[in-house]
Number of protein chains: 2
Amino acid sequence: MPVRADAQRNAARVLAAARRAVASTGLDVSYHEIAREAGVGVGTVYRRYPERDQLMAAVLSDILTELIDTAHQALDCDDAWEGFSLLFTSLALRTAQNVGLSGSLDQHGGPAVAQQRHELLDLTRRVIERAQNQGRLRRDLAWQDVLRLTGAPAVQGCVLGLEPDPAHGHHLVLTVLLDGLQTDGAKVA
Amino acid sequence: MPVRADAQRNAARVLAAARRAVASTGLDVSYHEIAREAGVGVGTVYRRYPERDQLMAAVLSDILTELIDTAHQALDCDDAWEGFSLLFTSLALRTAQNVGLSGSLDQHGGPAVAQQRHELLDLTRRVIERAQNQGRLRRDLAWQDVLRLTGAPAVQGCVLGLEPDPAHGHHLVLTVLLDGLQTDGAKVA
DNA sequence: AAACAAACGGACCAGACTTGTCCGTTTCCA
DNA sequence: TGGAAACGGACAAGTCTGGTCCGTTTGTTT
């Protein structure tokens, strides 16, 4: 007995909804919320992912796969700085879209996800160090520190309550950050 | 009949606790949580601030007063860049300590708080424009944009789950941001 | 087309947490 | 030392969460 057509369709819907829900709410999003977002009953979500970790592993793996792909692209760039800013931008954007899951990623997902995470970390380190070796990226920061900076564009809110304007905001912080990360002063000024 | 001594003491405790609680949890922190943090009963908190808006107004006013003070100091600096980085740092730190209340500040607090907010906004604009006029701060950003950047250090979490390390993280993002905001290339490299 | 099982949906239960009240007890001050 | 002001925390009511269960729908097979 093969997988039923509607089951397959709903599986896809649930995963997509889970990604959206996790992105906006965080890893502690409720099953009810995901079900609502997916347009299915809670029962369906629980049937598909009896354990919460299974669901989170699926979501995280989805995200990590995309990023690993980007990291490979970055390493393929001849220009190390171009590669670096590509990966940095992707990481920053992904982090911004997933505020709320930051930090706790290593807690969930089991060995498969841990493996992917490790792979992405390694690729990222290589992209950063290559840019530093080519003299384009400032050397006074460890690669972990550079990585940490990808979180910066995630929040544009300020104590003064300006309207958020996420799209413009992300781009803005990225521009200034990348300018600050370069060794030479080749910026618009 | 003057204010009783214990009442006065508890009032201070509640306000301090509310600031801490709002800082870590956000504006939607529960009264019970605040009471626990303050070491008093819920009744005491409700008696002091029957309306939630009154409490929030008190907290926000407290924060704004500090920042307005810093802004005046910034304007008193002869060196416009020094003044700017002082204020920028304070705003960033305050935002980082109050993740969660970002954006919604204008919703609460009533006219008195709105007035303070307006005052701080005006002072900040002057600090920024002065630095730009002295040729120290890049001109391709509007003062509102610069202000928006103060939110950047608030999050250091990255999709890869590195340990947060707030203290170092804030300093790190600030350094790179300030380097990226300067017009000349006078950085460590 | 009929019949059967897989998959579905959402009502439902229990438990955690929140708002807000109320009253017996404590604490200050005159 | 008497009495009012202030306190604390138990308590009721409502909301949201995790998780189950069963009558109904839907796809597939013959």
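First the proteins, then the strands, lettered A, B, ... as listed; each starts at 1. What you see is a predicted model; the values in this text were computed from it and never measured. Every heavy atom of this structure was used, including side-chain atoms; hydrogens, water molecules and symmetry mates were not.
A straight line from CG of A:D53 to C1' of D:dG18 spans 15 Å, rounded to a whole angstrom. Look at CZ on B:R48: it is 14 Å from P on D:dA5, rounded to the nearest Å. B:Q8 places its CD atom 18 Å from the P atom of C:dT27, with the value rounded to the nearest Å. One can place CZ of A:R9 at 10 Å from C1' of D:dG27, the figure rounded to the nearest angstrom. In this structure, A:Y31 places its OH atom 10 Å from C1' of D:dG19, rounding to the nearest Å. Atom CG of B:L55 is separated from atom P of C:dG20 by 12 Å (rounded to the nearest Å).
Side-chain atoms of B:V40 lie closest to D:dG8 of the nucleotides C:dG9, D:dG8, C:dT19. Candidate nucleotides C:dG9, D:dA10, D:dA6 were compared by shortest atom distance to the side chain of B:V42, and D:dA10 ranks first. Of the candidates D:dG8, D:dA6, C:dA7, the closest approach to any side-chain atom of B:A7 belongs to D:dA6.
A 4.5 Å side-chain heavy-atom check between A:L15 and A:R48 finds every atom pair outside the cut-off. Contact check for B:D122 versus B:E119: no side-chain heavy atoms found under the 4.5 Å cut-off. The shortest distance between side-chain heavy atoms of B:L87 and B:L123 does not fall below 4.5 Å.
Scanning atom types as modelled, one donor and one acceptor separated by under 3.5 angstrom connect the side chain of B:R4 and the base of D:dA5. Side-chain to base pairing of A:H32 with C:dG10: no donor and acceptor N or O lie closer than 3.5 Å to each other.
Between B:N10 and D:dA6 there is no side-chain polar atom (N or O) within less than 4.0 angstrom of OP1 or OP2. Phosphate contact (OP1/OP2 of C:dT19, side-chain N/O of B:R52, threshold under 4.0 Å): present. For the pair A:T44 and C:dG9, the criterion of a side-chain N or O lying under 4.0 Å from OP1 or OP2 is met.
Between B:Y46 and B:A5, the residue anchored closer to the 5' end of DNA chain C is B:Y46, taking for each the nucleotide with the nearest heavy atom.
Remark: side-chain polar atoms of B:T183 are not paired, donor with acceptor, to backbone N or O of B:R138 under 3.5 angstrom. The main-chain N or O of A:V146 is never found under 3.5 Å from a side-chain atom of A:T150 such that the two would form a donor-acceptor pair.
Among the atoms of the strands shown, none is found under 4.0 Å from any heavy atom of B:R36.
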